[in-house]
**Student:** 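What follows is a structure written as structure tokens; I'll ask about it next.
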Amino acid sequence: MNNKFDALKDDDSGDHDQDQGSPKDCEKEKTDDEDKEQNTSKKKMVVPGAGEHPLQYNYTFWYSRRTPGRPANTQSYEQNIKQIGSFASVEQFWRFYSHMIRPGDLTGHSDFHLFKEGIKPMWEDDANKMGGKWIIRLRKGLASRCWENLILAMLGEQFMVGEEICGAVVSVRFQEDIISIWNKTASDQATTARIRDTLRRVLNLPPNTIMEYKTHTDSIKAWEDFHGLVNASGGR
Amino acid sequence: MSTDCQKTTAKAIPSSRRVTISDAAHMPHDYSTTPGGTLFSTTPGGTRIIYDRKFLLECRSSPVAKTPPRGLPNIPGVTSPPSKDTSEKTHNGEPLNNNTINAPGSSNTGEDAQFEMDI
């Protein structure tokens with residue numbers, strides 16, 4: 001395991017790019033039935049319960065928090081990113097969301113990540129490595145509402161970019177909060193433009209809001225430059 | 001959505017789905033929406049299950065959406081109230097005195113005006 005990214009806490013846009021090995025398998029949300037589910041392992045994909053409204057994709061909530069001081073190694077970072085759980089329907093989403101604190105009430109340097117099931121909230125994930133993200137910086141007080149609008153738009157497939165969306169992140173920081181949405185193909189300008197326009201619409205952003213698109217390769221490069229690690233390990 | 005229908009349906013339509021409406025709040029508010037969301041709309045990525053914000057917010061009030069999820073990890077300050085006595089009580093998805101962290105806005109059903117953003 002390469003721990004080149006282990007102290008990546010200075011990029012403020014909520015990336016968590018560490019190898020994080022095997023996060024504890026979270027217990028998958030099970031539909032409220034039934035014996036047929038019993039013999040399946042925790043890894044089974046979660047499915048919508050009877051009468052629930054299925055989502056186009058399953059998603060997983062993650063949470064991470066920077067520990068005071070710098071983490072000494074990858075492992076300590078690993079301990080900081082946790083799967084909260086996965087869901088497949090609108091109702092299952094609300095069960096998680098209603099039992100999680102809202103981002104605006106988080107303390108410290110914390111992030112919620114909501115990614116399609118199977119995609120880790122890391123640059124290196126296969127789904128992310130050619131991708132990038134739109135970043136919007138918010139003054140304090142707006143994160144909870146913006147995050148809710150963002151994830152509802154994502155879950156409801158409002159972005160209309162096919163398979164391109166990977167996930168969304170809200171990052172609570174000292175003086176501002178940041179929301180971002182990640183997509184698969186940074187070079188696909190039609191997609192990134194459509195995501196931008198949808199963001200403006202669903203977040204009700206004023207026209208002069210600054211939105212920044214950043215490719216993950218640039219993020220990695222910036223991180224390496226900052227940490228003086230260019231060529232240190234030949235990348236990965 | 002009868003089975004007959006399903007049999008004669010060309011395979012371009014992925015599946016049919018029965019939507020049970022148990023609550024008036026789940027009825028769509030405009031003619032272009034079907035109960036349960038706008039199914040099979042065509043987008044650049046193919047057919048999609050699309051829900052708008054208002055519909056998603058309405059689903060929040062359904063009883064099944066309120067039970068705590070199974071296996072919710074206990075993370076103080078995140079999935080349970082901060083600090084103190086967070087012991088085992090919430091660990092296996094047992095209700096933590098239900099909805100204490102249903103923060104402001106949880107009663108929100110989408111009727112409120114969008115906030116003004118001033119960044």
Side-chain angles (χ1 to χ4, degrees), chain A residues 24 26-30 32 42 49 51-56 63 65 82-85 87 90-102 104-107 110 136-139 142 144-146 148-149 152-153 155-158 160-164 194 202-206 208-210, chain B residues 17-20 22 26 35-38 41 43-73 75 77-82 90 92-93 95-96 98-99 101-106 108 110 114-119:
Chain A
K24 270 186 295 189
C26 73
E27 291 220 349
K28 301 292 184 182
E29 166 79 7
K30 288 186 188 148
D32 31 276
K42 289 175 181 177
E52 296 180 354
H53 298 94
L55 293 168
Q56 178 72 35
Y63 167 76
R65 181 184 166 86
K82 293 184 164 65
Q83 280 191 30
I84 293 175
F87 55 86
V90 178
E91 287 79 4
Q92 290 169 358
F93 158 72
W94 285 121
R95 280 184 226 164
F96 279 103
Y97 186 82
S98 299
H99 291 82
M100 290 161 55
I101 200 165
R102 289 156 61 92
D105 300 324
L106 286 171
T107 55
S110 317
I136 302 169
R137 295 170 186 273
L138 303 170
R139 63 174 169 77
L142 297 175
S144 294
R145 177 61 78 93
C146 281
E148 186 172 291
N149 286 340
L152 293 182
L155 300 177
E157 288 291 321
Q158 297 290 314
M160 305 286 188
V161 289
E163 311 277 308
E164 272 287 324
R194 193 183 275 244
V202 301
L203 300 180
N204 211 23
L205 297 169
N208 61 346
T209 303
I210 295 169
Chain B
R17 188 160 74 79
R18 189 173 293 276
V19 176
T20 310
S22 51
H26 292 170
T38 307
S41 301
T43 66
T47 55
R48 299 269 124 182
I49 303 174
I50 293 171
Y51 301 110
D52 64 17
R53 175 177 180 272
K54 190 171 166 54
F55 179 82
L56 292 171
L57 287 167
E58 285 161 359
C59 287
R60 186 175 200 168
S61 61
S62 107
V64 73
K66 288 179 175 168
T67 52
R70 264 231 231 153
L72 183 70
I75 308 173
V78 180
T79 58
S80 60
T90 60
N92 288 319
L96 37 127
N98 230 345
N99 298 340
I101 45 176
N102 257 359
S106 59
N108 205 334
Q114 280 279 357
F115 64 127
E116 284 287 313
M117 183 124 62
D118 169 23
I119 299 182

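Numbers restart at 1 for each chain; the letters A, B, ... are given by sequence-line order, proteins then strands.
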**Student:** Side chains of V202(A) and R53(B), heavy atoms from C-beta outward: is any pair under 4.5 Å?
**Tutor:**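 Side chain of V202(A) against side chain of R53(B), heavy atoms only: no contact under 4.5 Å found.
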**Student:** Return the CD1 to CD1 distance between I75(B) and I84(A), rounded to the nearest 0.5 Å.
**Tutor:**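 Going from CD1 on I75(B) over to CD1 on I84(A), the span is 4.5 Å.
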**Student:** Taking all non-hydrogen atoms of both residues into account, name the closest pair between H99(A) and P68(B) and its distance.
**Tutor:**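 Distance-wise, the nearest heavy atoms are CE1-CA, 3.5 Å.
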**Student:** Please check this pair: side chain of W94(A) against backbone of L56(B), looking for a donor-acceptor N/O pair closer than 3.5 Å.
**Tutor:**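 Here the side-chain-to-backbone pair exists.
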**Student:** Do C59(B) and E91(A) come within less than 4.5 Å of each other through their side chains, counting heavy atoms only?
**Tutor:**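 Touching, per the 4.5 Å side-chain cut-off.
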**Student:** For L55(A), is it the side chain, the backbone, both or neither that has a heavy atom under 4.5 Å from a heavy atom of chain B?
**Tutor:**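 Both backbone and side chain.
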**Student:** Heavy atoms only: give me the nearest L57(B)-E148(A) pair and the separation to one decimal.
**Tutor:**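 Answer, listing the atom of L57(B) first, then E148(A): CD2-OE2, 3.7 Å.
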**Student:** Would you please name every residue forming a side chain to side chain donor-acceptor pair (under 3.5 Å) with E164(A), sequence neighbours left out?
**Tutor:**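 Partners of E164(A) by the side chain to side chain donor-acceptor pair (under 3.5 Å) criterion, ordered by chain and then number, come out as N183(A), T185(A).
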**Student:** In chain order, what residues pass the side chain to side chain contact (heavy atoms under 4.5 Å, CB included) check against T67(B), with sequence neighbours excluded?
**Tutor:**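 Here the qualifying residues are R95(A).
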**Student:** With heavy-atom distances below 4.5 Å as the criterion, would you say the side chains of Y51(B) and L155(A) are in contact?
**Tutor:**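 When only atoms from C-beta onward are counted, L155(A) and Y51(B) do not touch, as no gap falls below 4.5 Å.
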**Student:** For I50(B) versus Q158(A), what's the shortest heavy-atom pair and its separation?
**Tutor:**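 It is CG2-NE2, 3.6 Å.
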